Each structure stands twice: as C-alpha cells, then as structure tokens.
2 protein chains.
Amino acid sequence: MTFSEENYLKTIYHLTAISDIDVSTNAIAEKMETKASSVTDMLKKLSEKDLVNYIKYQGVSLTDKGKLAAKMIVRKHRLWECFLVEKLDFSWDEVHDIAEQLEHIKSEKLINKLDDFLGNPTEDPHGDPIPDAQGRIIKVEKQLLSEFDKNQIGICVGVKDTSSDFLKYLDKQEIALGSQIEIIEKESFDSSFRIRVGSKELTVSNKIASNIYIK
Amino acid sequence: MTFSEENYLKTIYHLTAISDIDVSTNAIAEKMETKASSVTDMLKKLSEKDLVNYIKYQGVSLTDKGKLAAKMIVRKHRLWECFLVEKLDFSWDEVHDIAEQLEHIKSEKLINKLDDFLGNPTEDPHGDPIPDAQGRIIKVEKQLLSEFDKNQIGICVGVKDTSSDFLKYLDKQEIALGSQIEIIEKESFDSSFRIRVGSKELTVSNKIASNIYIK
DNA sequence: ATTTAAATTTAGACAAATCTAAAAATTATA
DNA sequence: TATAATTTTTAGATTTGTCTAAATTTAAAT
Ligand SMILES: [Mn+2]
Ligand SMILES: [Mn+2]
Ligand SMILES: [Mn+2]
Ligand SMILES: [Mn+2]
C-alpha cells in the first residue's frame, strides 16, 4: 500500500466518522487539498483493491478491509503522537505533522512494541481514541462545551479542532486535557460562554466552545 | 529531497567511505539493486542540485553539501536503530530494515530530541559511529579480527557485515559488542581462527573473522 | 594499433500520482 | 418539466523514478 493510498483511506475514514453517509468526491478533494479528478482516479484503484465501495457519481464508503486498514493507520498516527509528547517532550501542537510521516512506517512488530513501551494508552494527546491491534476502539462519550448549560461543570477530555493555532490558544488560556471547566454564564446574544478554568475566569466565543470536548 | 535521492546519497556515501576514490555507476546500481541507466538519470539530478560531483563516464563523488546531507541520513538511521534496540527491545538483527524507513522522516527537532532521549549515543547497535547534529563523527580505530595474531586479546566493538544472517550467527556463538575475544591459534592453512569468547572456545572461518571488529 | 569487451549513457517506454480542460451525470431552480 | 448550476468523471498532459534496448565511450586484449 502506497503512502497516497493510505492517506486517502484515512481521509475517507475520518469523513465517514463524522456523518456516517457515503463520502463525496469533492469532500475528499477538499480535505486532501487536491483535485476532484485525482480523487476519482484513486477511488477506482481503491475499489479495485476492495478497500472501498465505490459507485460512480454516488459517493464512496470503506469496506471492512478498508476500514481496518484505515484504523491501523490512525492507530499508528496516534501512538506516535503519544510517543512524541510523552517521551520526547513535544507539545501537543507540534506532533501532528511529524505523526503524518510516522504513520506510514510499515512494521506491525514496531507499532505493537511502541504500544507496549507507551503503556498501551487508549487516547492520544488530543483526547482521541487509539484503536488496539485488532482495530477495537474504546468510545468515551463526550460533549462539546458549546452544548453545556449554565452552572454545569466538566473536565476537558478532548479537542475537535487539532490545528496548531487552536492548541496554542488553549495553552495561552491554560486549558489542557484534564482541566476542570465550569460554565458561569451563557450569553444568549452570541452564544459565547463565561467559564472558570481552575482559578481563572474567561470568556470564549461559541467557535471556541464548539471545539472543546467535555465530560 | 525525495526518498530516492536520499537513498542514492547514502549509498554513494557508504561506497566512498570504503575506498575514497570516485564511485562508479555500476557500483551504485549493484548496491541499490537497480539498473545502471537509472543511476545515470539520478546522478544528473543530484549533480544539478550540487549534491554530487559528476563527470560523464568518470564516476561520482559527494560535494560538501551532499556529504553533510548523507551524514544526516546516516545519523537518523543509526539513532533510530539505537531507539529500537535500547527502548523497544528489538534485537540487533531486526532493526536495519525498519531504520531504512525511519531514516527518511523529516524533522530536525525530532532527531535531536531523539538523540537526547537516547543519551547522545556515539555508536549504533552494530558499533557504527553516529554523526552529531553538525555531522561530526568520533572515529574509533579498530581492527578486523582477521588481522590479529596468536595470543592477542581484544574487545568486540563492531561488525562489518550487518546482515541479519551474520548477526544471528554471532548471537548463536554468544559474540556480542563488548565480548572479550582471545586468539588461541591461527591456522595458516585456511586462515581460520581458534578463539576464546568468555569461557567458551570455538573455531571461526576467515570469512567470519573478516567481519568482526576488535579493539 | 586494432579489435574486443566492458562500462556508461541515451532514447524511448511505462506506471503512479497528479493536473487542466472538456464532457457527462446529477441536483437544484425556475 | 425544462433549464441552469453543480458535481463528477473522462481525456490528455506532466513529473518522478524506473526499465529495456541501442548507441557511445572507455578499458582491456590481442
Ligand atoms: Mn494528529
Ligand atoms: Mn491526535
Ligand atoms: Mn542499519
Ligand atoms: Mn547499524
């Protein structure tokens, strides 16, 4: 399997995880910053290999084989992110791009040994679940901060947007995984939130609140 | 720089390290298990990028820029081999192929942090020197076991052949880096050696003795 | 000094992954 | 429902790295 094929599988996996319905050619093209015609070519190839169910003009979904392959790539990506943060002391906003490269290293033994070395973590530095060697995922039900109401309290357990910019913003506000967040006030006009994080109080926009997972 | 370009540079680096004179197209083709015509094509490209000094029909050598680039790849390869052996408990005969992949991961920060995490090792699991971030190498003078004479004693500090087969043979004979080796007898007929390793005595062919470095 | 052999390069082809531009199918709108 | 807009696919071109076969250059052997 080539790097490119792996990247397509991963993208389709992530897009189907969101909405569950078939993924469109354009959605893939947009996410991968490539052209729709390139996507079509690749879908034909992946279909030929029985990794996706593809019907012309009708969108695409992963086969069981394709889904497992995608999960193994996600597994590698997230384990490497753990390694970078836990062992090499990278911050959570620096690891994604390097993991994008490391996720393509081919060695089952390597990834399983890495898993053990890290103590078999179930979540990556952004709170995303790590599939095990069989592709099983422990789902933790979590809500967006934006769905919370006044006076509710929760723990930050993940982020939806994992861009470096957003993660740095959270660092600045001293919001990290494990932080306790209390909703002091929800402004009905713009759906912004007044929250308490630790001892500090701050106001966050709805856009921010829509990218923080709470449990 | 592409994977392929990096692999060519590394190969040229290793071939020049042996004999110091210009490397031939065929030597590169043989080592990389590719065709001479493919090598010629790549040499033109590397020459265009000022990574090699290339004169048609006359062989090739690395420029300073090319040599530094090659050393950085070797640095990455050997540091990852250390990681695999020291941290993930791989044996020294399993790590080369995985390191061949890992050496192409692009992140200076990653490799320098890995270096620190490993305690800035100066040698890899096969006794080969690890260039530092500036490309400097600590040369340890060492001799082949085959060049030793009767009654001499030394420590095994490296191997010339790093193939899995040879390394497994050494494991079987309980010869490892750090093992004390004493030459009991040198057979003049076939240049084989009777040696003592730890408490055991054994006979090794000249071919074996020509692939073990002693200090 | 020719001739022969070996090494190297060139020419042309191919597969993978991408692109642009044009055609076809689907979906939305009037 | 007919037409327009959007989405998707096809056709053809490009880049990278490879290959085979033929031509060229260099080295070796009469
Ligand atoms: Mn990531
Ligand atoms: Mn992540
Ligand atoms: Mn190696
Ligand atoms: Mn090595």
Side-chain angles (χ1 to χ4, degrees), chain A residues 1-13 15-16 18-62 66 69-70 73 100-101 103-106, chain B residues 1-13 15-16 18-62 66 69-70 73 100-101 103-106:
Chain A
M1 185 126 58
T2 66
F3 282 24
S4 191
E5 288 172 333
E6 292 189 338
N7 284 333
Y8 275 94
L9 284 184
K10 194 181 49 158
T11 299
I12 297 167
Y13 176 77
L15 288 172
T16 41
I18 297 168
S19 68
D20 201 28
I21 57 166
D22 280 13
V23 181
S24 75
T25 301
N26 265 359
I28 298 169
E30 189 176 6
K31 187 126 183 192
M32 298 189 71
E33 296 181 71
T34 184
K35 302 293 166 175
S37 55
S38 307
V39 175
T40 301
D41 286 345
M42 182 57 81
L43 292 183
K44 283 184 201 162
K45 190 195 299 188
L46 294 176
S47 179
E48 202 59 46
K49 293 190 175 187
D50 273 316
L51 292 162
V52 300
N53 305 116
Y54 170 58
I55 308 166
K56 264 200 205 179
Y57 294 101
Q58 299 305 129
V60 72
S61 63
L62 294 172
I73 300 160
E100 287 284 301
Q101 299 179 61
E103 71 189 5
H104 299 293
I105 301 294
K106 277 145 193 88
Chain B
M1 186 127 57
T2 65
F3 283 24
S4 191
E5 288 174 334
E6 291 189 339
N7 284 332
Y8 275 94
L9 283 183
K10 193 180 53 158
T11 299
I12 297 167
Y13 176 77
L15 288 172
T16 40
I18 296 168
S19 68
D20 203 27
I21 57 166
D22 281 12
V23 182
S24 75
T25 300
N26 265 359
I28 297 170
E30 190 176 6
K31 187 126 184 191
M32 298 190 70
E33 298 181 72
T34 183
K35 303 293 164 175
S37 55
S38 307
V39 176
T40 302
D41 285 344
M42 183 56 83
L43 292 183
K44 283 185 202 162
K45 189 196 299 188
L46 294 176
S47 179
E48 201 58 46
K49 292 189 176 185
D50 273 316
L51 293 162
V52 300
N53 306 116
Y54 170 58
I55 308 166
K56 264 199 205 181
Y57 294 102
Q58 299 304 128
V60 71
S61 64
L62 294 171
I73 301 161
E100 287 285 302
Q101 297 180 62
E103 72 189 3
H104 299 293
I105 301 294
K106 278 146 192 88

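All values derive from a computational prediction rather than experimental measurement.
- Rounded to a whole Å, the NZ atom of B/K44 is 7 Å from the C1' atom of C/dT10.
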Protein-nucleotides 23-29 of chain C N/O pairs closer than 3.5 Å?
residue, atom, partner, partner atom, Å
C/dA25, O4', A/Y57, OH, 3.3

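- Within residues 32-42 of chain B, the residues approached by DNA chain D to less than 4.0 Å at the level of any non-hydrogen atom are B/T34, B/K35, B/S37, B/S38, B/D41, in residue-number order.
- Minimum heavy-atom separation, A/Q101 to B/K106: OE1-N, 2.6 Å.
- Residue A/Y8 places none of its side-chain N or O atoms closer than 4.0 Å to OP1 or OP2 of C/dA16.
- In this structure, A/I28 places its CD1 atom 13 Å from P of C/dT18, rounding to the nearest Å.
- Heavy atoms only, all atoms of each residue included: A/V52 and A/L43 are closest at CG2-O, 3.9 Å.
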Acceptor/donor pairs from residues 18-40 of chain A side chains to any protein atom, 3.5 angstrom cut, sequence neighbours excluded:
residue, atom, partner, partner atom, Å
A/S24, OG, A/A27, N, 3.1
A/T40, OG1, A/A36, O, 3.2

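- A straight line from CD of A/E48 to C1' of C/dA15 spans 15 Å, rounded to a whole angstrom.
- Rounded to whole Å, the distance from CG on A/L43 to C1' on D/dT7 is 14 Å.
- If you check D/dT9, C/dT9, D/dT18 against the side chain of A/T25, the one that comes closest is D/dT9.
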Between A/E5 and A/K49, does a side chain to side chain contact (heavy atoms under 4.5 Å, CB included) hold up when you go through it step by step? CA-CA 11 Å; A/E5 288 172 333; A/K49 293 190 175 187; 2.9 Å; yes
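- Residue-level contact check: B/F3 touches neither bases nor backbone, having no heavy atom under 4.0 Å from any strand.
- Listed here is the closest heavy atom pair of B/E100 and B/H104: O-CD2, 3.1 Å.
- One can place CD1 of B/I55 at 12 Å from P of D/dT26, the figure rounded to the nearest angstrom.
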